[in-house]
> 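Input: one structure, supplied below.
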Protein chains: 2
Amino acid sequence: MKQKMWTEETIKTELREHGLRATTPRIAICLQLLQQHCHYNAQQLHEELSPHHPTMSPNTVYLTLNQLATVGLIRSFNVNGNTIFDSNTTTHDHAHCRHCNTLVDLPSTTKSLPKTPGKMSDWALEWGTRLWSGLCPDCKQVTDTTSR
Amino acid sequence: MKQKMWTEETIKTELREHGLRATTPRIAICLQLLQQHCHYNAQQLHEELSPHHPTMSPNTVYLTLNQLATVGLIRSFNVNGNTIFDSNTTTHDHAHCRHCNTLVDLPSTTKSLPKTPGKMSDWALEWGTRLWSGLCPDCKQVTDTTSR
DNA sequence: AAAATAGATAGTAATCATTACTATTTGTAG
DNA sequence: CTACAAATAGTAATGATTACTATCTATTTT
């Protein structure tokens, strides 16, 4: 996991290179999201930023996250109807616990991202993520010992 | 793609084996979903069934689909915030066009479902699907010729 | 075969995340 | 430092899904 070091300056540059203005809310969102290597939804991110940016509206967070995903600075995917934003843009999978909703990273099973779907030669696929569904260690135990 | 032939009788049996009553709405939903091998969301399914089952409430469709997914008769996953139900429970991937929203099946890149995540020995993973994101043949052309 | 009962349904209301709208503000190019 | 296009905040609107409850029905019991 190569961790790129992000500073306010590098983020500003990155934003502009993607045709986005380097505004205060955007920089804050990027700093939070890119420095922490974990999964956020829009609300969580807004809650985290609110203390230091009281006027930042949820709306802005939603909009910004979608823009960042569109230009490819982050990835977004959906788990259980919840939109998750991931600053880790390398190819990797996820495991989701259907009981407690935990989501963790998994090394990708297929590193060769474009190879497999190459069979569908007409599609221009850009990225993919695999979502495994099941029970995390804790919940596995609980469901083992209690019911069934 | 082995296509199991479903009749009202086999569906009734299947439902009961999974602890679900063989009710009229449920049988209708199963017939529609299991016979057609494609991706439905709850609303589409309700629209398809409404003509023949005018009193069937959307609520029932939502509930039933979730139950069927819970017992493993169908799979559910999320694309772009849209919950999709899939009667194809074999391991396979999906390709999604971010422009026109088309969703198609792809043969799975990893047939050995439990092997890879076995590294996370503590998780009890049950199934997984990979979602590829990109542009379908049609939209690829459009975006090529028009903008950018 | 009729009665009992636990589960399922329909219909309505409520919820939740997300998007739409718009007047105001703010980066950035000139 | 001005001008303009883009971004923001705040509010309202949307749309999918869930919650609730009285009624109904499949299945079990008698």
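Lettering follows sequence order; numbering is per chain, from 1. Because the structure is a prediction, the values reported are computed rather than measured.
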> Any side-chain heavy atom of B/W123 within less than 4.5 Å of one from A/V104?
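With C-beta onward as the side chain, the pair touches.
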> So, does A/N80 use its side chain to make a donor-acceptor pair with the main chain of A/N82 at under 3.5 Å?
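Checking the backbone N and O of A/N82 against the side chain of A/N80, no donor-acceptor pair under 3.5 Å is found.
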> Walk me through it: do B/S87 and B/H37 pass the test side-chain contact (heavy atoms from CB on, under 4.5 Å)?
CA-CA 6 Å; B/S87 59; B/H37 240 281; 4.1 Å; yes
> For the residue pair B/D93 and B/L131, establish whether any side-chain heavy-atom pair is separated by less than 4.5 Å.
no
> Reckon A/N66 has a side-chain N or O less than 4.0 Å from the OP1 or OP2 of C/dT18?
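Negative; the distance criterion is not met.
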> Assess the residue pair A/L65 and A/S76 against the criterion (side-chain contact (heavy atoms from CB on, under 4.5 Å)); give the C-alpha distance rounded to whole Å, side-chain angles, the decisive distance to 0.1 Å, and a yes or no.
CA-CA 9 Å; A/L65 288 174; A/S76 81; over 6 Å; no
> What is the distance, rounded to the nearest whole Å, between atom CD1 of B/I29 and atom C1' of C/dA10?
13 Å
> Check nucleotides 1-3 of chain D for protein N or O atoms closer than 3.5 Å to its own N or O atoms and list the pairs.
none

> Which nucleotide sits closest to the side chain of A/S57: D/dA9, C/dA10, D/dA7?
D/dA9
> Is it the case that the side chain of B/Q35 and the backbone of B/Q32 share a donor-acceptor pair, with hydrogens and angles ignored and the cut-off at 3.5 Å?
no
> So if I take the C1' atoms of five pairs at each end of the helix from C/dA1-D/dT30 to C/dG30-D/dC1 and get each local axis, what angle do the two axes make, rounded to 10 degrees?
40°
> Which residue, A/N59 or B/P58, contacts DNA chain C at a nucleotide closer to its 5' end, judged by nearest heavy atom?
B/P58
> Is there a side-chain contact between B/Y62 and the phosphate of D/dT18, meaning an N or O under 4.0 Å from OP1 or OP2?
no
> To the nearest Å, give me how far apart CD (B/Q67) and P (D/dT17) are.
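Spelled out: CD on B/Q67 to P on D/dT17 is 16 Å.
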> Side chains of B/N41 and B/T83: is there a donor and an acceptor less than 3.5 Å apart?
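No, no side-chain donor-acceptor pair sits under 3.5 Å.
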> Does any residue of residues 39-56 of chain B have a heavy atom under 4.0 Å from DNA chain C, and if so, which ones, in number order?
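The answer is B/T55, B/M56.
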> Could you tell me how far apart B/L68 (CG) and C/dA8 (C1') are, to the nearest whole angstrom?
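After rounding, the gap between these two atoms is 13 Å.
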> Classify the ring geometry of B/H39 against B/H92: parallel below 30°, tilted from 30° to 60°, perpendicular beyond 60°.
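Rings of B/H39 and B/H92: parallel, under 30°.
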> Expressed in angstrom and rounded to an integer, what is the separation of B/L65 atom CG from D/dA16 atom P?
15 Å
> How does protein reach along nucleotides 24-30 of chain C, written 5' to 3' as B (base within reach of a heavy atom under 4.0 Å), S (only sugar-phosphate), or - (no contact)?
--BBS--
> Heavy atom of residues 75-87 of chain A under 4.0 Å from DNA chain C: which residues?
A/T83
> Below 4.5 Å, heavy atoms only, C-beta onward: do B/I74 and B/D86 meet side chain to side chain?
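A side-chain contact is absent here, since even the closest heavy-atom pair is not under 4.5 Å.
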> Output every pair passing side-chain hydrogen bond (donor to acceptor under 3.5 Å, both in side chains) with a member in residues 12-31 of chain B, not counting sequence neighbours, ordered by first then second residue.
B/R26-B/Q67
> May I ask you to check whether B/Y62 and B/H46 place their ring centers less than 6.0 Å from one another?
no
